[in-house]
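Input: a single structure, listed below in structure tokens.
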Protein chains: 2
Amino acid sequence: MTVTPPLEACVPRPAAAALARLAHVRHLARGDTILFEGLANQVCVSVAAGVLRASKATEDGREAIVGLHFAGDFVGRPFAAHAAFSLSAATDAEFRSYSRPAVETLLREQPDMAQELYRRALDEIDNMHGWMLVLGRQVAGEKIGSFLLHLARRFDAGESFDLPLTRAEIGDVLGLTIGTVSRELAALRRAGLIDTPGQRGLVIRDRAALAARTGLASAFV
Amino acid sequence: MTVTPPLEACVPRPAAAALARLAHVRHLARGDTILFEGLANQVCVSVAAGVLRASKATEDGREAIVGLHFAGDFVGRPFAAHAAFSLSAATDAEFRSYSRPAVETLLREQPDMAQELYRRALDEIDNMHGWMLVLGRQVAGEKIGSFLLHLARRFDAGESFDLPLTRAEIGDVLGLTIGTVSRELAALRRAGLIDTPGQRGLVIRDRAALAARTGLASAFV
DNA sequence: CGTGATATTGAATATCCTCAAGATTTGTGG
DNA sequence: CCACAAATCTTGAGGATATTCAATATCACG
């Protein structure tokens, strides 16, 4: 369950072929935006490499990252005229783009596709439930731990990987400020649970202790 | 968009008939539980009356309410062996129950059903995105305001309705403690924006001012 | 009318934020 | 390959917000 297989691998041959015909491969540099919250919802995408971030903002500029999407994830909202969230590249990324109306047609013609996307939507809901528990009921140190363990799981990269987000963005995910994120990472470093080589590097030195400190959300980790 | 039409009204005749054949009508008293987090996931349900609450808990007993479900909502996780959340009655409630395997069969046989449930799952994701912004980036007073406006919208009951949750449960929704919930409601009462007759009553006296104070999340309200 | 559950309120405290200064890292152009 | 500039990160001090704990009040129900 750590790495999502691409959508094409999860639907029968004809649906996969139809989907492949619609795809346009695109590349993004970190920071590039595909969808803007509130504006026209023109495309759905399938992540090929890198990490995409879905975010929402309040009128006065406070921002929350409401989803991170990794290789294999299908991201988008068929049947919606306007984008409910902004979608941009957290890291340099590559993805396949599908026009939204074409996806909608495909959904009607290929029932297997609708069912597969329904399953994935349910998985995403489960995942978000986990985030909500973290956001509402964990303290800063636990939030950071949950987040790091979640990343390790999604990357399936053993104990060492690059953080796809800046400290400020991690704060936007967890409902913290950049200062608190930095302080809590420093605390984990001092406790010998992690290392943070460079700005983006992250090494989990003691996963068990980190999980224990996280107070769980084991379903989420 | 305030009140969800029942699933049967949103799919073609044959699918609706097939669904109706599977339904078992059930009644719940406040507090009764249908699904237990981590245990067997045996049923999906359609809410007929009252409010259901979906919740998750940490090992040490902290609880988060991750969803509220009103009349017309379809709640459940086809294709999952274990329940990812507990589901119980926030108020006395009535619902139609469907065995999970039967729902899965129906999904395969009735593509329209899969598509309708997919749409609803997407709506729920949008809704949860809104909650995540509230949880992560709003302060207590704003959270309470967002919550009350959200309820008013879902109930479609004008300016006056009964709270389906206790103060403690509202805290579990918003990531607050019972004390803070009570204090913030008192502040809104003192400011003349709401009234709270009895323990469950709620009257919105000045919706515009309440919305302004909420700092928005207008998509969510 | 009494009892248990729920809600209110206060005082003290812990947590996290704000603001700010300084340090590090990354990336760019020479 | 180096130097410099911009971005990002770290850390501290003080303060705001929400929590904890506890006492009291109110409500719902039998």
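In what follows, chains carry the letters A, B, and so on, assigned in the order in which the sequence lines appear, proteins first and then strands, with residues in each chain numbered from 1.
- Ranked by how close their nearest DNA chain C nucleotide is to the 5' end, A:Thr177 and A:Pro197 are led by A:Thr177.
- Among the heavy atoms of the strands, none lies under 4.0 Å from B:Gly171.
- Not counting sequence neighbours, A:Arg30 has no partner by the side chain to side chain donor-acceptor pair (under 3.5 Å) test.
- Residue pairs meeting the salt bridge (charged side-chain N to carboxylate O under 4.0 Å, His left out) criterion with at least one partner in residues 86-96 of chain A, sequence neighbours excluded, are A:Glu8-A:Arg96.
- When the salt bridge (charged side-chain N to carboxylate O under 4.0 Å, His left out) test is applied to B:Glu116, the partners found at least two apart in sequence or on another chain are B:Arg120.
- Look at A:Asp60 and A:Arg62 and you find a salt bridge, because one of the NZ, NE, NH1 or NH2 atoms lies within 4.0 Å of a carboxylate O, short of that distance.
- Summarising the geometry, the separation between CZ on B:Arg137 and P on D:dA18 is reported as 14 Å, rounded to the nearest angstrom.
- Look at CG on A:Leu176: it is 17 Å from P on D:dT17, rounded to the nearest Å.
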Listed pairs, N/O of protein and of nucleotides 7-14 of chain D, under 3.5 Å:
{"from": "D:dT8", "atom 1": "O3'", "to": "A:Gln199", "atom 2": "NE2", "distance (Å)": "3.2"}
{"from": "D:dC9", "atom 1": "OP1", "to": "A:Arg167", "atom 2": "N", "distance (Å)": "3.3"}
{"from": "D:dC9", "atom 1": "OP2", "to": "A:Arg167", "atom 2": "N", "distance (Å)": "2.9"}
{"from": "D:dT10", "atom 1": "OP1", "to": "A:Arg167", "atom 2": "NH2", "distance (Å)": "3.4"}
{"from": "D:dT10", "atom 1": "OP1", "to": "A:Arg189", "atom 2": "NH2", "distance (Å)": "3.2"}
{"from": "D:dT10", "atom 1": "OP2", "to": "A:Arg167", "atom 2": "NE", "distance (Å)": "2.8"}
{"from": "D:dT10", "atom 1": "OP2", "to": "A:Ser182", "atom 2": "OG", "distance (Å)": "2.5"}
{"from": "D:dT10", "atom 1": "O5'", "to": "A:Ser182", "atom 2": "OG", "distance (Å)": "3.0"}
{"from": "D:dG12", "atom 1": "N7", "to": "A:Arg183", "atom 2": "NH1", "distance (Å)": "2.8"}
{"from": "D:dG12", "atom 1": "O6", "to": "A:Arg183", "atom 2": "NH2", "distance (Å)": "3.3"}

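- Checked against side chain to side chain donor-acceptor pair (under 3.5 Å), B:Ser86 has no partners two or more places apart in sequence or in another chain.
- Looking at residues two or more places apart in sequence or on another chain, you find a side chain to side chain donor-acceptor pair (under 3.5 Å) between A:Asp195 and A:Arg205.
- With a heavy-atom cut-off of 4.0 Å to chain A, the contacted part of DNA chain C has its first and last nucleotide at C:dC16 to C:dT26.
- Contacts of A:Phe85 classified as ring pair (Phe, Tyr, Trp, His ring centres under 6.0 Å), with partners at least two apart in sequence or in another chain: B:His129.
- Here A:Gly175 lies in heavy-atom contact (under 4.0 Å) with sugar-phosphate atoms only.
- When rounded to the nearest whole Å, the span between CD of B:Gln138 and P of D:dT17 equals 15 Å.
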Listing, residues 172-184 of chain B side-chain donor-acceptor contacts under 3.5 Å, not counting sequence neighbours, or none:
{"from": "B:Asp172", "atom 1": "OD1", "to": "A:Arg137", "atom 2": "NH2", "distance (Å)": "2.9"}
{"from": "B:Thr177", "atom 1": "OG1", "to": "B:Thr180", "atom 2": "OG1", "distance (Å)": "3.3"}

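- Judged by the 6.0 Å distance and 45° axis criteria, A:Arg119 is positioned over the aromatic ring of B:Phe79.
- With sequence neighbours excluded, no residue forms a ring pair (Phe, Tyr, Trp, His ring centres under 6.0 Å) with A:Tyr98.
- Five base pairs at each end of the helix from C:dC1-D:dG30 to C:dG30-D:dC1 define two local axes, and these are offset by 50° (rounded to 10°).
- Between the CD atom of B:Glu142 and the C1' atom of D:dA18 there is a distance of 14 Å, given to the nearest Å.
- Taking the side chain to side chain donor-acceptor pair (under 3.5 Å) definition, one finds that B:Asn41 meets it with nothing, sequence neighbours left out.
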